[in-house]
Amino acid sequence: MVSQRLLAAGDSPDARLFLGPRGGRISTAVLRDATHWDDVVTELGFDTCDDTTCSTPD
């Protein structure tokens, strides 16, 4: 699906792979909420990461 969207977008720098329900852009906040990203990160053990280091559980 993504490869088809990339081909359809062509070289346009303003092209979007996916659109929101009203045809607009999808904000990162909406994407984060929809995918439960914070829960995924916590389950994977990456919730202690910062800009320079990332520790994972043993």
Side-chain angles (χ1 to χ4, degrees):
M1 173 175 43
V2 173
S3 61
Q4 291 174 343
R5 299 291 299 212
L6 286 169
L7 287 173
D11 292 332
S12 174
D14 294 327
R16 294 188 175 99
L17 290 180
F18 300 101
L19 299 175
R22 297 185 198 144
R25 67 180 176 200
I26 298 175
S27 72
T28 54
V30 169
L31 184 62
R32 181 181 196 151
D33 291 346
T35 59
H36 304 280
W37 186 249
D38 293 334
D39 297 334
V40 171
V41 169
T42 300
E43 282 186 38
L44 292 174
F46 291 109
D47 52 334
T48 58
C49 294
D50 63 25
D51 290 340
T52 59
T53 62
C54 187
S55 59
T56 57
D58 295 328

> Can you name the residues that form a side chain to side chain contact (heavy atoms under 4.5 Å, CB included) with T35, not counting sequence neighbours?
Replying inline: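 Counting only residues at least two positions away or on another chain, T35 forms a side chain to side chain contact (heavy atoms under 4.5 Å, CB included) with L31, W37.
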
>> I'd like to check the side chain to side chain contact (heavy atoms under 4.5 Å, CB included) partners of S27; sequence neighbours left out, ordered by chain and number.
In response: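 Partners of S27 under the side chain to side chain contact (heavy atoms under 4.5 Å, CB included) test: A29, V30.
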
>> I'd like to check the salt bridge (charged side-chain N to carboxylate O under 4.0 Å, His left out) partners of D33; sequence neighbours left out, ordered by chain and number.
In response: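 Partners of D33 under the salt bridge (charged side-chain N to carboxylate O under 4.0 Å, His left out) test: none.
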
